[in-house]
Structure formats: structure tokens, C-alpha cells
Amino acid sequence: MLNRPAAIYDRPFQQRGLLAKLTAFITCLLLITTIAYPQAGKIDSLRELLHNTGLPDSQKIDHLNQLASALNPDSTNEALVYANEAYLLALKTNNRPAQVRALLNLSEGYLYNDSYEQSLEYGFTALDLSRQLRSDASIADAYTNLGWIFYDTENGNFSLQYHRDARAIYNKNGDRVKEAVALNAIGLVFQLKNEYDSARRYFDQSLQMAIKENIPGTISAAYNNIGICENARGRYQDAVTFFKRALNLETVRNARLSQAETLNQLAYSWVMLKNYPEAEALLAQARSLIENASSNSKKEKLLDNLSISSQLYQALGNYPRAFADLQEYTHVRNQIITRSKSDAIAALKSKKETQEKETEIRELAAEKQLRSFQRNVLALCIVLILIIGLLFYSKLKQKQRKEKELEEFKQALIRKDLDNTLLEKAALQDKLKYKDAELKNYALYISQRNELVRSFIDDLSAQKQEGEGKKEDLTRFNKLIHKFQHDLDINKEAQDFNMSVDEIHKDFFFNLLRKFPELTENERRLCAQIRLNLSIKDIASLNNISVKSAEMARYRLRKQFSLEHGDNLNEFLKQF
């Protein structure tokens with residue numbers, strides 16, 4: 001972009017530095033538009049597409065934005081109409097990215113028309129919406145737009161801030177084309193601040209990146225701006241070299257306004273080198289290109305041309321012509337920018353920053369209230385959790401207490417049932433002892449009776465052998481002996497006794513037979529009689545056998561039970 005500081009002019013012409021800077025800004029905007037949208041046939045094709053009534057809203061918005069961006073440099077008023085239509089349609093369809101693009105087109109259009117307040121308003125709106133969308137590319141474009149607004153109004157610090165922010169995003173996203181333009185813009189801001197060494201560094205970086213990426217427009221702009229830096233340092237011959245390089249590229253690209261600006265700057269170098277004829281010819285050529293241009297930015301080029309022309313004719317001693325050029329310069333300049341406009345832009349910037357600070361304060365206050373609310377909610381939740389925990393704990397303890405009481409009650413019932421069972425068992429044992437005592441007494445009775453009967457039979461048998469009687473008496477006597485002997489052999493009372501023992505001691509016989517299943521019936525009965533503590537003599541009498549047979553049977557039982565000599569058979573049988 002083109003720019004020339006006021007310091008290199010004579011005192012009467014120092015004001016023209018502002019216009020050189022304005023010219024550089026407009027050239028840069030033209031460059032960006034040229035990069036983004038090639039002009040050949042583009043505008044006409046877009047207009048034809050917009051006549052298609054069946055075009056979807058999204059495509060229509062996109063075509064409107066493209067058309068507005070293409071028309072902004074040369075037909076700004078028409079571009080504003082298209083940009084406004086695109087914005088309204090984007091609002092209607094809630095297409096927020098398209099809204100950002102339309103807002104940037106509106107801001108750029110009003111900037112071309114020197115309506116800085118409106119341009120700044122649309123620029124800030126685009127930036128806010130881009131931040132909401134979290135679109136780095138849109139944010140960077142908005143930063144670039146705002147940077148040019150503040151550059152145009154000579155607010156160098158604000159402009160530098162936005163261009164640097166834009167360059168950082170382009171670098172992060174790897175957009176080398178726009179980064180090269182951003183580097184050039186940063187250099188222009190340093191030119192605006194008369195810091196030419198810093199400006200030259202950024203122009204060199206922009207040039208290297210533009211050559212690497214093959215961006216002709218940026219290459220020519222970098223050559224032009226380097227030439228301006230060389231002019232500022234008084235190196236006019238070096239400046240001529242860079243201007244000629246820029247001019248060659250602009251001629252190939254047919255960039256007429258850029259050619260006009262380069263011709264103006266080259267003419268200034270020749271004025272400083274006192275080559276006045278060459279400078280006059282270049283200024284005339286530049287004036288012709290400017291007058292034939294339709295771009296709104298041609299006024300900035302005209303200002304540069306008038307300023308250099310005034311200085312040229314002053315050097316030639318043609319003061320009337322120099323004064324006429326100076327008057328025309330002042331008239332055109334007053335149409336573009338005034339100090340009041342620059343101050344108004346700065347005030348708008350301050351107002352915007354104040355609003356952002358107020359918004360930030362409100363957001364911080366809201367965040368603080370939210371944190372306070374969250375803390376209160378958290379505290380309430382903790383209290384509720386504690387209450388619920390206490391209730392649950394109380395319920396659990398109550399449940400455990402009830403379970404414990406129920407368990408104790410069950411244990412009491414079990415103990416009571418056990419006591420009842422023990423009592424019943426004791427009663428049964430007492431009853432069994434009683435029955436055993438009865439059985440024993442009954443057994444003793446049977447034994448004694450059998451002994452008595454046997455003794456009686458023995459006595460009768462002895463009387464039979466000794467006595468002398470009638471035959472009939474002997475016969476009756478024999479029958480009586482036989483009857484007693486038969487009763488003794490049958491031993492019906494012993495059978496009844498055994499049946500009673502079987503009935504009363506079922507468990508005993510069951511347990512005994514489970515362990516010794518090979519026992520005979522007589523052996524089982526002998527075991528029961530021994531368990532009743534009957535003597536061998538009583539057992540022999542009860543079973544109508546000899547004492548010796550009873551002892552042998554007892555001996556066989558001990559052997560069958562595998563008892564040792566000292567083991568008590570009666571105690572062994574009581575285990576069953």
C-alpha cells in the first residue's frame with residue numbers, strides 16, 4: 001500500500017502526508033478485494049444469477065455478499081444496497097455467518113464513503129457476532145476491517161492493535177495470503193507513526209511471503225511501500241528502483257489506480273532528484289489515470305497528485321500553478337476527513353471499550369452471583385444430604401432395633417420351646433423310668449411266679465414218687481403237674497412282658513438294630529432285659545431257661561458288641 005509521511009515535505013505542504021496515508025489505505029482495500037474476488041466477468045455473472053427467482057436463500061445471500069464485496073471499491077453505493085439486502089435476508093433465515101459477511105461489507109462500504117461512524121458501528125457488530133460464533137476467520141476479518149477504519153482516521157495505536165491481532169489469527173490458521181496483507185498493513189501503521197525502520201521490516205516480511213505464495217498484488221504493494229520508506233530516508237534513487245518494480249507488476253495486472261499511486265510516488269522521487277520534466281510527465285500520466293477511474297478512492301490518489309504537483313511547481317517557480325494545486329488539494333481533503341471525524345471515531349472506540357468493560361463487569365457480577373447461588377445450592381444440597389442421611393440412619397437404626405427385638409423374641413420363643421421340649425423330654429424320661437420300673441416289677445413278678453410254679457411242680461413230682469395212692473388220684477395228680485408245666489412252658493405273662501417292652505422301647509430297638517442289624521429277636525429281648533437291670537437269675541426265670549444259658553447268652557452279646565472285660569454291658573446298652 002502507498003503512504004508518504006509529512007516530514008519529507010516542505011512546511012507549506014506537510015498536511016499532504018495524511019492524504020498519502022489515506023491513499024495507501026484505499027490501495028490496500030483494493031488489493032484485498034482483488035485477492036478475494038477477481039473482477040473479470042464476476043460482477044455481471046453474479047447479477048445474472050440474482051435474477052434467478054428459484055435461487056435458494058443461502059445461495060442468494062452468498063451471491064449478494066460477493067457482489068457487494070466486488071462493487072465496494074468502484075460502486076460503493078450500489079454495493080451498500082446489495083450488502084444491506086444480504087444482511088436482511090441473512091437475519092430472516094438466521095444465517096449468522098452470512099450476517100457477519102454482510103456486516104463487514106456494509107462497514108467497508110461506509111468506510112469507502114468516508115462515513116466512519118456507521119462503518120465503525122457495523123464493524124463492531126460484525127466482531128461481536130464473530131466472537132459469538134467462535135469463528136477465527138471471521139474474527140480476523142473483523143479485526144482487519146477495524147484496523148483500516150482507525151488507520152483511515154489516523155488512530156495509529158488502535159489500528160496497530162487490530163492488525164496485529166488479525167495477523168496472529170491468520171498465522172495460526174495458516175492463511176499466508178491474508179497474513180502477507182496483514183504484515184503490509186502493520187508496516188503502513190508504522191509509516192503512519194513515522195517509524196520507518198519498523199515499517200520496513202514488516203514490508204520486507206510481507207514481500208518475502210508474497211513472493212513465496214505468488215501474490216502479485218501484495219508484491220507490488222510491498223515494493224511501493226518500501227520505496228516510500230526509502231523516500232523518507234532520503235534515498236531517492238533506491239526508491240525509484242522499487243517504484244519501477246511495482247509499476248511493472250501493476251501494468252501487467254492493469255491496476256490503474258495502483259499505477260497512478262506509484263506514478264505519484266515516483267514523481268515525488270524525481271522532484272527530490274530535481275528531474276522536474278520527468279516528474280511533470282509522470283504526474284500528468286497519473287492525473288489522467290485518476291480522472292478516468294470510477295472508484296470512490298480516486299480522491300485520495302488525486303490528493304497525492306495535487307500535493308506533489310504543488311511542490312513541483314513551487315520548485316519550478318510557477319507559484320500561481322502551485323497555489324492553485326494547493327487550493328484544490330485543500331478543497332478535496334476537506335471532503336474526505338476532518339479532525340472532528342477523527343475525534344468522533346476515537347470517541348466511538350472509547351465508548352465501545354466502555355460498553356465492553358461495563359458488559360464485562362455485568363458478566364463478572366452475574367458470574368459472582370451465579371457462583372454464590374451455586375455455593376448456596378451446594379450448601380443446601382449438603383444439608384439435604386445430611387438430613388436424608390440422618391433420616392436414613394435413624395430408619396436403619398430403628399429397623400435394626402426392631403430386628404433385634406424380633407430376634408430376641410424369636411430366641412425367647414426358641415428358648416421357651418426348648419424348655420418345653422426339655423420338660424417334655426424330662427417328663428417322657430420320668431414316664432419311661434416309671435414304665436421301666438413297672439416292667440421291671442412285672443418281670444420280677446413273672447420270675448418269682450415262675451420260680452414258685454417250678455418249685456411247686458418239683459414238690460408235686462417229689463410227692464408223686466413218694467406217695468402211695470389210688471390210681472385215679474395219681475392220674476389227676478399227673479394231669480395237674482402237666483398243666484402247670486404247660487403253663488410254665490407257654491409263659492404267657494413273659495410274652496405280654498416282651499410285647500410291652502417292644503412297645504415302650506421302640507426307639508431303643510431302632511437305634512440298636514441300626515448299628516447291630518444281625519441281632520436275633522431273643523438277643524434283642526435279652527438286651528432290653530439287661531437294660532432294665534434284671535439279674536441273670538431273673539432273666540433265666542423270665543425266659544424259662546437255666547442260669548447258665550442266660551450267662552452264655554449274655555457272654556455272646558458282649559462278644560458281639562466287642563466289649564472289653566471291664567466294660568459294663570448295662571451302661572453300653574443305655575446309650576441306645
Side-chain angles (χ1 to χ4, degrees), residues 1-3 18-33 36 68-69 72-73 76-77 79-80 83-84 87 99-131 138-170 178 181-193 295-297 299-300 303 333 335-356:
M1 310 324 156
L2 306 182
N3 183 29
L18 170 62
L19 276 304
K21 295 163 187 174
L22 291 175
T23 303
F25 154 68
I26 297 299
T27 304
C28 193
L29 286 181
L30 286 169
L31 170 61
I32 294 172
T33 305
S69 183
N72 252 334
T76 305
N77 292 331
L80 288 172
N84 188 63
Y87 182 62
Q99 290 175 35
V100 173
R101 186 67 259 167
L103 286 167
L104 289 174
N105 282 332
L106 287 168
S107 179
E108 184 179 334
Y110 282 112
L111 181 57
Y112 275 117
N113 278 351
D114 304 326
S115 299
Y116 302 112
E117 293 87 348
Q118 289 177 287
S119 178
L120 190 65
E121 183 178 351
Y122 283 116
F124 278 136
T125 305
L127 178 60
D128 291 340
L129 186 54
S130 298
R131 285 171 173 169
S138 296
I139 292 172
D141 290 344
Y143 282 156
T144 299
N145 183 75
L146 291 170
W148 290 126
I149 295 171
F150 288 109
Y151 178 87
D152 199 8
T153 55
E154 294 191 290
N155 288 285
N157 292 331
F158 292 154
S159 179
L160 184 62
Q161 169 195 339
Y162 284 118
H163 282 306
R164 278 178 166 170
D165 290 343
R167 186 260 174 129
I169 296 176
Y170 292 141
K178 290 187 177 180
V181 176
L183 287 167
N184 201 48
I186 295 171
L188 286 172
V189 176
F190 280 111
Q191 272 192 355
L192 181 67
K193 300 170 72 172
S295 171
N296 292 354
S297 62
K299 289 182 292 184
E300 284 77 11
L303 283 173
R333 181 184 183 281
Q335 293 177 355
I336 298 176
I337 188 169
T338 62
R339 174 49 55 185
S340 59
K341 287 186 177 181
S342 179
D343 293 343
I345 292 297
L348 285 174
K349 167 67 175 176
S350 299
K351 181 180 179 182
K352 177 65 177 177
E353 291 180 343
T354 302
Q355 290 174 347
E356 289 178 349

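Given the structure is predicted, the values throughout are model-derived calculations rather than measurements.
- Summarising the geometry, atom CG belonging to L183 is positioned 11.0 Å from atom CZ belonging to R164; distances are rounded to the nearest 0.5 Å.
- The CG atom of L111 sits 12.0 Å away from atom CG of L104, with the distance rounded to the nearest 0.5 Å.
- Annotation: side chain of N157 is in contact with side chain of K193 (closest heavy-atom distance under 4.5 Å).
- N155 and T153 are linked by a side-chain donor-acceptor pair at a separation below 3.5 angstrom, with hydrogens and angles left out of the test.
- Listed for the N72 side chain is a donor-acceptor partner under 3.5 Å among the backbone atoms of N105.
- For the atom pair CG of L106 and CG of N84, the computed distance is 6.0 Å after rounding to the nearest 0.5 Å.
- Residues G109 and T76 come closest through the heavy atom pair O-CG2, 3.0 Å.
- Of all heavy-atom pairs spanning A102 and A83, the tightest one is CB-O, 3.7 Å.
- Residues satisfying the ring-ring contact (aromatic ring centres under 6.0 Å, His included) criterion with Y110, sequence neighbours excluded, are Y122.
- The distance from the OG1 atom of T144 to the OH atom of Y162 is 12.0 Å, given to the nearest 0.5 Å.
- Annotation: side chain of L80 is not in contact with side chain of Y112 (no heavy-atom distance under 4.5 Å).
- Residues satisfying the side-chain hydrogen bond (donor to acceptor under 3.5 Å, both in side chains) test with N145, not counting sequence neighbours, are S107.
- Looking at residues two or more places apart in sequence or on another chain, you find a side chain to side chain contact (heavy atoms under 4.5 Å, CB included) between S138 and V100, S130, S135.
- Taking all atoms of both residues into account, the shortest heavy-atom contact from V189 to S159 is CG2-OG, 3.3 Å.
- Shown here are the side-chain hydrogen bond (donor to acceptor under 3.5 Å, both in side chains) partners of Y87, two or more places apart in sequence or in another chain: there are none.
- Minimum heavy-atom separation, H163 to A182: O-CB, 4.4 Å.
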* Verdict with supporting geometry, F190 and I186, side chain to side chain contact (heavy atoms under 4.5 Å, CB included) -> CA-CA 7 Å; F190 280 111; I186 295 171; 3.7 Å; yes

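- Interatomic distance, CG of L120 versus CZ of F150, reported as 4.5 Å (0.5 Å rounding).
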* **Full working for side chain to side chain contact (heavy atoms under 4.5 Å, CB included) between V181 and Y170** => CA-CA 10 Å; V181 176; Y170 292 141; over 6 Å; no

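- Residue R101 holds its CZ atom at 10.0 Å from CG of L103, rounded to the nearest 0.5 Å.
- Although no hydrogens or angles enter the test, the distance criterion places a donor-acceptor pair under 3.5 Å between the side chain of T125 and the main chain of E121.
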* **Test log, rule side chain to side chain contact (heavy atoms under 4.5 Å, CB included), inputs Y143 and Q161** => CA-CA 9 Å; Y143 282 156; Q161 169 195 339; over 6 Å; no

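- When all heavy atoms are compared, the tightest approach of A68 to A79 is O-CB, 3.3 Å.
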